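Taking it in order: structure first as structure tokens, then the write-up.
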Amino acid sequence: MINYSAGTVWSQQILSLIFNEGHRNGTENIDNMTRVPWIEYNIHNMDFSSRPSPRLFSTHLPYYLMPRDLRFRTGKIIYVCRNPKDVMVSFYHFYKLNPRIKHTINWEKFIDLYMSGKVLGGSWFNHVRGWYTHKEDFSILFMTYEEMKKDLRSAVQKICKFVDINLNEEAIDTVVEKATFKNMKQDPLANYKFLSYDLLDQSKGEFLRKGIVGDWKNTMTVAQSENFDKVYKEKIGDLPIKIVWHSNEETTP
């Protein structure tokens, strides 16, 4: 599963629920970072090679840093793409919660850093372009955050089909219910409140904030949005990727 600050924690919850009956019925007390650990942030020092199959992982890595065997289609990848303006706003608030970032960054400065790719994870534009133009090299399912918001049940069913998991209607209902943003915020296994202060300082704000489409309009000025549109068109406008910028909008190029 790969995202660029595009619903990674949400996707962790969905996959944890799909693959683990104990997570669906509440009989197992295992947090999502343990169930679906980060490849690049192995904070529990797990021996990934000894984990039982199927092994689930999360990552923000670009395609060229992924394990080489994935190019032989030995594993399946779910790539979730979100409209980059909402990603930028979400990432800005995450930066404020990260105690390892010692200097304060205002919104205007963060926009410059994000647009130039000088943030954790690098350039959103390069990340999406890289994965999209190399999608034939992998067994990959491309999804968007916005389509998941619009019809979560259909998204869950699509994921189940891709990973060859057959759930009955009742189980799918449970996955959908427990994967709603409202329920995830209250779920101690999913909301990342289990992380220590030195990894995520949630006294400075909520890690799971709003989970809505188009929230960028509450932060970006008209001028900032128009400038972003120009950069988007220059860097990725040639790709046939459908982006939803507003909550009531159909997918548009």
Side-chain angles (χ1 to χ4, degrees), residues 1-20 31-84 86-88 90-91 94-95 98 100 113-114 116-148 155-156 158-165 190 192 195 199 235-236 238-243:
M1 176 186 64
I2 300 167
N3 308 263
Y4 185 102
S5 294
T8 316
V9 177
W10 191 16
S11 302
Q12 280 182 322
Q13 173 76 336
I14 292 171
L15 287 172
S16 295
L17 290 164
I18 288 174
F19 277 88
N20 299 280
D31 67 71
N32 286 350
M33 185 176 279
T34 300
R35 289 196 187 277
V36 193
W38 292 83
I39 294 176
E40 62 269 45
Y41 307 120
N42 188 7
I43 64 173
H44 298 310
N45 295 316
M46 295 182 185
D47 180 1
F48 289 160
S49 63
S50 67
R51 298 183 71 223
S53 181
R55 291 179 289 180
L56 304 176
F57 294 98
S58 299
T59 185
H60 287 325
L61 292 176
Y63 78 95
Y64 53 84
L65 291 181
M66 292 296 288
R68 292 184 179 180
D69 284 352
L70 284 174
R71 297 216 175 195
F72 298 104
R73 297 174 177 262
T74 56
K76 295 188 175 185
I77 295 171
I78 300 172
Y79 190 102
V80 181
C81 179
R82 186 180 187 183
N83 101 59
D86 279 340
V87 171
M88 182 169 64
S90 176
F91 215 0
F94 169 76
Y95 256 60
N98 191 331
R100 301 189 179 191
L113 293 174
Y114 180 87
S116 60
K118 297 177 181 179
V119 292
L120 295 174
S123 167
W124 179 92
F125 305 101
N126 292 346
H127 196 279
V128 173
R129 173 177 287 279
W131 274 105
Y132 191 85
T133 56
H134 289 83
K135 62 183 185 297
E136 301 302 328
D137 298 340
F138 303 92
S139 176
I140 189 167
L141 171 66
F142 267 88
M143 303 187 70
T144 68
Y145 184 96
E146 292 77 19
E147 72 176 289
M148 293 166 67
V156 169
K158 185 183 293 186
I159 292 171
C160 284
K161 181 178 180 180
F162 180 67
V163 298
D164 298 317
I165 296 289
Y192 272 51
L195 285 183
L199 294 174
K235 294 191 173 184
I236 207 170
D238 60 313
L239 297 181
I241 297 175
K242 304 299 182 181
I243 296 292

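Keep in mind the model is a prediction, meaning the values are calculated, not measured.
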>> Check the orientation of His127 and Tyr79. Use parallel for under 30°, tilted for 30 to 60°, and perpendicular for over 60°.
In response: tilted

Kindly indicate whether the side chain of [X], heavy atoms from C-beta on, has any atom under 4.5 Å from the side chain of [Y].
| X | Y | answer |
| --- | --- | --- |
| Pro54 | Lys76 | no |
| His60 | Thr8 | yes |
| Val36 | Phe19 | no |
| Asn126 | Lys235 | no |
| Tyr41 | Ser58 | no |
| Val9 | Asn32 | no |
| Ile140 | His134 | no |
| Thr144 | Ile241 | no |

Atom [atom1] in [X], atom [atom2] in [Y]: separation rounded to 0.5 Å?
| X | Y | atom1 | atom2 | value |
| --- | --- | --- | --- | --- |
| Ser123 | Arg129 | OG | CZ | 10.0 Å |
| Lys135 | Tyr63 | NZ | OH | 13.0 Å |
| Ile18 | Leu56 | CD1 | CG | 9.5 Å |
| Leu141 | Lys158 | CG | NZ | 6.5 Å |
| Tyr64 | Asp137 | OH | CG | 15.0 Å |
| Asn83 | Met88 | CG | CE | 9.5 Å |

> Going through the distances and angles, do Trp131 and Phe138 end up as a ring pair (Phe, Tyr, Trp, His ring centres under 6.0 Å)?
Replying inline: CA-CA 9 Å; Trp131 274 105; Phe138 303 92; 5.0 Å; yes

>> Please determine whether ring pair (Phe, Tyr, Trp, His ring centres under 6.0 Å) holds for the pair Phe91 and Trp124, giving the CA-CA distance in whole Å, both sets of side-chain angles, and the decisive distance to 0.1 Å.
In response: CA-CA 11 Å; Phe91 215 0; Trp124 179 92; over 10 Å; no

>> One pair to check against side-chain contact (heavy atoms from CB on, under 4.5 Å): Ser90 and Arg82. What are the steps and the verdict?
In response: CA-CA 11 Å; Ser90 176; Arg82 186 180 187 183; 4.2 Å; yes

>> Give me the atom names and distance for the closest heavy-atom approach of Glu146 to Cys81.
In response: OE1-O, 3.8 Å

> Taking all atoms of both residues into account, what is the closest heavy-atom pair of Gly75 and Ser139, and its distance?
Replying inline: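 Taking every non-hydrogen atom into account, O-CB, 3.7 Å.
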
>> Working note: Ile236 + Tyr132, criterion side-chain contact (heavy atoms from CB on, under 4.5 Å); need CA distance, chi angles, decisive distance, verdict.
In response: CA-CA 11 Å; Ile236 207 170; Tyr132 191 85; over 6 Å; no

> Hey, mind stepping through Arg51 and Phe57 against side-chain contact (heavy atoms from CB on, under 4.5 Å) and telling me if it holds?
Replying inline: CA-CA 11 Å; Arg51 298 183 71 223; Phe57 294 98; 3.6 Å; yes

> So, Ser16 side chain and Arg35 main chain: donor-acceptor pair closer than 3.5 Å or not?
Replying inline: no

> Who passes side-chain contact (heavy atoms from CB on, under 4.5 Å) against Leu65, sequence neighbours left out?
Replying inline: Leu61, Pro62

> For the side chain to side chain contact (heavy atoms under 4.5 Å, CB included) test, which of Gln12, Met46, Arg55 pairs with Pro37?
Replying inline: Met46

